[in-house]
There are 4 protein chains.
Amino acid sequence: MAVRAAVAGASGYAGGEVLRLLLAHPEVEIGALTGNSNAGQRLGALQPHLLPLADRTLTATTAEALAGHDVVFLALPHGQSAAVAEQLGPDVLVIDMGADFRLRDPADWERFYGSPHAGTWPYGLPELPGARAALEGSRRIAVPGCYPTAVSLALYPAYAAGIAEPEAVIVAASGTSGAGKTPKPHLLGSEVMGSMTPYGVGGGHRHTPEIVQNLSAVAGERIAVSFTPTLAPMPRGILATCNVAARNGVTAESVRTAYEKAYADEPFVRLLPEGQWPATASVHGSNAVQVQVAYDDAVGRIIAISAIDNLTKGTAGGAVQSMNLALGLAETTGLTTIGVAP
Amino acid sequence: MAVRAAVAGASGYAGGEVLRLLLAHPEVEIGALTGNSNAGQRLGALQPHLLPLADRTLTATTAEALAGHDVVFLALPHGQSAAVAEQLGPDVLVIDMGADFRLRDPADWERFYGSPHAGTWPYGLPELPGARAALEGSRRIAVPGCYPTAVSLALYPAYAAGIAEPEAVIVAASGTSGAGKTPKPHLLGSEVMGSMTPYGVGGGHRHTPEIVQNLSAVAGERIAVSFTPTLAPMPRGILATCNVAARNGVTAESVRTAYEKAYADEPFVRLLPEGQWPATASVHGSNAVQVQVAYDDAVGRIIAISAIDNLTKGTAGGAVQSMNLALGLAETTGLTTIGVAP
Amino acid sequence: MAVRAAVAGASGYAGGEVLRLLLAHPEVEIGALTGNSNAGQRLGALQPHLLPLADRTLTATTAEALAGHDVVFLALPHGQSAAVAEQLGPDVLVIDMGADFRLRDPADWERFYGSPHAGTWPYGLPELPGARAALEGSRRIAVPGCYPTAVSLALYPAYAAGIAEPEAVIVAASGTSGAGKTPKPHLLGSEVMGSMTPYGVGGGHRHTPEIVQNLSAVAGERIAVSFTPTLAPMPRGILATCNVAARNGVTAESVRTAYEKAYADEPFVRLLPEGQWPATASVHGSNAVQVQVAYDDAVGRIIAISAIDNLTKGTAGGAVQSMNLALGLAETTGLTTIGVAP
Amino acid sequence: MAVRAAVAGASGYAGGEVLRLLLAHPEVEIGALTGNSNAGQRLGALQPHLLPLADRTLTATTAEALAGHDVVFLALPHGQSAAVAEQLGPDVLVIDMGADFRLRDPADWERFYGSPHAGTWPYGLPELPGARAALEGSRRIAVPGCYPTAVSLALYPAYAAGIAEPEAVIVAASGTSGAGKTPKPHLLGSEVMGSMTPYGVGGGHRHTPEIVQNLSAVAGERIAVSFTPTLAPMPRGILATCNVAARNGVTAESVRTAYEKAYADEPFVRLLPEGQWPATASVHGSNAVQVQVAYDDAVGRIIAISAIDNLTKGTAGGAVQSMNLALGLAETTGLTTIGVAP
């Protein structure tokens, strides 16, 4: 008996990506597709790559439209998920791909989003210590941000192993789909092609407190994070370069051991062989995370680098992976570690 | 019982793409992977996006290595397939993704390739009239060139319906993977990004006689083809713009009817709704073909445009589709019409 | 004594490009910079590549702001130039980079733009027969569209020499800046990178009547034009592939002679050596036009291909070249044939 | 009387860029153009964007070919400059765009290049303290590496002002032209488009000791540098994100003051208004450096970011700027701060 899934916000990039994955998921049947400004339009006009759904029409995002599904994916502007979730009842699996339920500290939320905090849901990054258990059987899931996914998976093994000082410097490059589908001048193709530019510098990016939350929980102490995101001329992908001082006594071997141990059994995270570095093209469209780590003994620092597809593992793939856990399906069902390259 | 498949030339783009698709094919088990200059290397170093095969090692392309498989895909430099195929025996399904067995007229082959003609195998473009039947049960398949796939599917309905004059002007833009993985100065990223440039202008491209062959067979008369390929700054995709004079009495309606009829039942070809145009991004990584056609009554010409992924439907996807037919599997097994976009 | 120039519409791509060129022009002093929705903003925020003008502020586009200049460049939405020009007086050189004054036939204008025709000004493509003389001393100039510039320079020598039949098939690829700076979903970087797509197919593009006008004037008979523009994943550049049937008796030599003759003395048009093909990267930021032509005797057709920078020779460079002629300066003043590559 | 300049290594990216700039330089006449593997070829075939030089032919790089010039630019593989320079005599201005004469410490050279150290020449980054004076009248100049140019200009003001701790974490993204024109598989357009990937991680990049040298000289103590370069999908540009701990007592104001003071009078470096961030597109083809700095008081760190064109200010523009100083010309002659955007 198929799991019946609805997607609220089906016209945007996160919504489109979750539909792409659900179409390939053997246990899922796609139900309602909703949108607000695009209600009434054919999906074929909005997501022309989803040919099997081309003739479906978006309806407005209402409780009625979303009723009667086993799973509802929310791909809504931040601040809107709580109201929708409340109407869905406790037995429906609600998976929020927005930011609303990621942060534990209401003060963090209010500082970065300027509105009341909606709450905290189990966090959909199964690879973090303790996260998988919290997702199993859950009926509410907060999908992590794309940068926090990439950064947490690059750095948590160092903190779990106690080999890193509690201050992390992170520079990440993201493809433009991370900025969404709402047209803005700086996101025009003419502007982004051939250009790299930073944004949210100096602690201003909303994913900063989420990164701090994840790493601090693993480390057992507060990790200071200096995070600089940059916009790269590509549609998809995040490359996160994370740099931390090593604790005394750390060696190249102890660094590698920490990462090997963390990822020995993870189906989606691949610690690359020494000398090979992650590339976003290699995880294009896949749920895989490529990780590599180096110890620079000249300066006593650990450099951990990850590559993900921001829309797949960074958003919709993480959502489906968490859905699988919540529903008791095999965690990898419907997901791939094979990228579309070149 | 799984179909056991080998890939000769597994380090290149065609070989990598056929492996990507076979990994997702429910009836196939991947056997030998061979290469020549790369024999002995880990596939993970050569095709880092194929994580499940990362620890496999390439062997040399020998009869011994390729023996014992049900299907052998050949992704070899042109002129090398015949010798390998001969060694494989008549019961093995040999699928040549190179050019060697596509052309029927030895003179065409000799003029464009400068070597003796190896022969002609059933042509792996099932959508062409009569092609599907020839592929069913066959043990030898010649996979079409990427441009001929895109162009033939854009134009054949016009010739099948007798609405077009026998002279076609075609301009196609291809992503750079069509030019292969051998490093050449003009294929460097620094050269291709931000640039459009033609090549093989004036009838010189080796895909020209294959296009002529396909269209002429459908039309029942020789079609003169003026084909100009261009290199576009993208890794994948072909957009073929085909322009033919309409025969007397043709109308916008008769044009549309011809295309609707041709593609009503084709699982991989989608005639788009009027007003929507093909985009290569929409078929990225998919086996779908997006087609649209317009009749310009001011000049009495038909403009038919198709978009494919040159590596998927244009090469490896067409190969797998044909393999399915040859083996008696459902034609769409292991293939998708869902693109990876944006 | 410097020529004092104002730019109306300084926040868009055409306005930015004319400023880039005027900054390098030894005879010009930049005066008023106007915009409407962006009035009051620093140019540094709108055109961050124009560092010498970063601290200039846009004013509203009014007659007062534009008064007191020797030259006024108009980079306005179509339909707005006539009203502004009227207020500027007959002694001011007004150079319209919009479409308003390009077409000679009011019916053409009305069919493609749906508003009353404003008139016809001398046409700023000096390379066309007779055009240079009409520009010398003129005080009104209509800058050609970017596609008509590329196409007319690729094809006019064939019509001037009487070697081509009166029907042209044209497929052109344009960088995204040709679509302007107003944010629209299909122009987002996420949408355009990695994608080729056509638009305005079947005679619908507004540049079609302008191409017909140019070629017909040269040929002395009406030329039927089937023009298909495509959007390419690059910020700048047009590659125009033009295909015409050769008249009886035409040979490769007579084709080449026609082009050599046409461009022997043109400072900005370069007929490339045989075997070398135009590339948009080679003319990036330059006013040069690269042209190549081939005769395909298998089908009796001439393929003429040009590459330009749509913003430079295709818009602002053509405007400055025409300004030079109108003001009696050397035609090449302030312009370059050197591209920024790779 | 014109300065007569020769370029050794005219077929590569550095050589092509210096020619592009010299063509626009009012005091320079271009003399010999040499190359080794490309000797005998037309420059038009190798550098098709340099139309005015298209008909020049490369000669072999010999002392005879380079004799009789006032300035010789060397764009040679590392290790070859010393032998050529020796033959040119002490009165010829020799400008090495390679690495051979940048490092002061022979041990640094030997460790990173594995060959004997050739020596140290005046360093062509005039903006660094003391550098300008050393360049004036010099007849030997070592042009900085592209990354050291971007990083040193982003960070030196912090060290000059004594506001930063002596440990810098740097992540820089470079366009592919920084990797040169020699074809290699990982530099193919198919590989780089849509992909971000690091290289030389963990202190391995050869520009690391040069960065350490520059910053340490300014700081008066050894600066530990953790430098991670990444390859970005664009032909040109470097975005350098530099992150250092602030010393006690540092405030946002003191940080800004340090940078304002450093760059108040520099013709090519622009400290952007607060809130505006550097973008590589804005300096495409220009000699400008865009710099911005932020103080993140939540973590007590300074983030300084610069954007340059790696081929212009990062290589050939820096070379011409230094040439101007050496020859007593105005420093900005022939150079621009205007980028080619979008």
Side-chain angles (χ1 to χ4, degrees), chain A residues 167-175 186 188-199 201-204 208 224-228 230-239 241 243-245 252 277-282 284 292-303 305 307 341-342, chain D residues 167-175 186 188-199 201-204 208 224-228 230-239 241 243-245 252 277-282 284 292-303 305 307 341-342:
Chain A
E167 186 176 49
V169 173
I170 299 155
V171 179
S174 174
H186 75 286
L188 283 172
S190 301
E191 301 292 317
V192 300
M193 288 186 282
S195 199
M196 292 283 302
T197 190
Y199 60 105
V201 186
T208 304
V225 167
S226 179
F227 170 54
T228 305
T230 64
L231 193 66
M234 56 190 190
R236 288 180 175 232
I238 288 179
L239 184 80
T241 301
N243 193 303
V244 291
W277 290 90
T280 62
S282 297
H284 190 95
Q292 184 56 287
V293 66
Y295 175 63
D296 182 352
D297 62 3
V299 295
R301 298 187 72 93
I302 298 164
I303 303 100
I305 301 185
Chain D
E167 187 177 47
V169 173
I170 299 154
V171 179
S174 174
H186 75 286
L188 283 171
S190 301
E191 302 293 316
V192 300
M193 287 186 284
S195 198
M196 291 282 303
T197 190
Y199 60 105
V201 186
T208 303
V225 167
S226 179
F227 170 55
T228 305
T230 64
L231 193 66
M234 55 190 191
R236 288 179 176 233
I238 287 179
L239 185 79
T241 302
N243 193 303
V244 290
W277 289 91
T280 62
S282 298
H284 189 96
Q292 184 56 289
V293 65
Y295 175 64
D296 181 352
D297 62 3
V299 294
R301 299 188 71 93
I302 297 165
I303 302 101
I305 301 184

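Below, chain A is the first sequence line, B the second, and so on; all start at residue 1.
Between chain D and the options A:Ala245, A:Ala294, A:Gly204, A:Ala279, heavy-atom pairs under 4.5 Å are most frequent for A:Ala279. When A:Leu231, A:Val192, A:Ile238, A:Val201 are compared by the number of non-hydrogen pairs under 4.5 Å with chain D, A:Val201 comes out ahead. Among D:Pro235, D:Gly175, D:Ala224, D:Pro278, the residue with the largest count of heavy-atom pairs under 4.5 Å with chain A is D:Pro278. Note: A:Pro198 leads A:Ala173, A:Ser190, A:Pro198, A:Gly203 in heavy-atom pairs under 4.5 Å with chain D. Ranked by heavy-atom pairs under 4.5 Å with chain D, the list A:Val293, A:Val299, A:Ile302, A:Asp297 is led by A:Val299.
In this model, a donor atom of one side chain and an acceptor atom of the other lie less than 3.5 Å apart for A:Asn243 and D:Ser226.
For D:Thr208, no part lies near chain A; criterion is any non-hydrogen pair under 4.5 Å. For D:Ala307, no part lies under 4.5 angstrom from a heavy atom of chain A. Of the two parts of D:Glu167, only the side chain, counted from C-beta on, holds a non-hydrogen atom closer than 4.5 Å to a non-hydrogen atom of chain A. Heavy atoms of D:Thr228 lying under 4.5 Å from chain A belong exclusively to its side chain. Using a 4.5 Å cut-off between heavy atoms, D:Ala298 does not touch chain A at all. Proximity to chain A (any heavy atom under 4.5 Å) is restricted, for D:Val225, to the backbone atoms N, CA, C and O.
In this structure a side-chain-to-backbone donor-acceptor pair under 3.5 Å is present from A:Thr230 to A:Ala172. Using modelled atom types, one side-chain atom of D:Thr280 and one backbone atom of A:Met196 make a donor-acceptor pair closer than 3.5 Å.
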- [ ] Evaluate side chain to side chain contact (heavy atoms under 4.5 Å, CB included) for D:Leu239 paired with D:Ile305, printing each intermediate quantity in order.
- [x] CA-CA 7 Å; D:Leu239 185 79; D:Ile305 301 184; 3.8 Å; yes
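Between the CZ atom of A:Phe227 and the CG atom of D:Asp296 there is a distance of 12.0 Å, given to the nearest 0.5 Å. Taking CZ of D:Arg236 as the start and OG of D:Ser174 as the end, the distance is 11.5 Å to the nearest 0.5 Å. If you take CG on A:Leu188 and CE on A:Met193, they are separated by 9.5 Å, rounding to the nearest 0.5 Å.
When all heavy atoms are compared, the tightest approach of A:Ala281 to A:Ala341 is O-CB, 3.6 Å.
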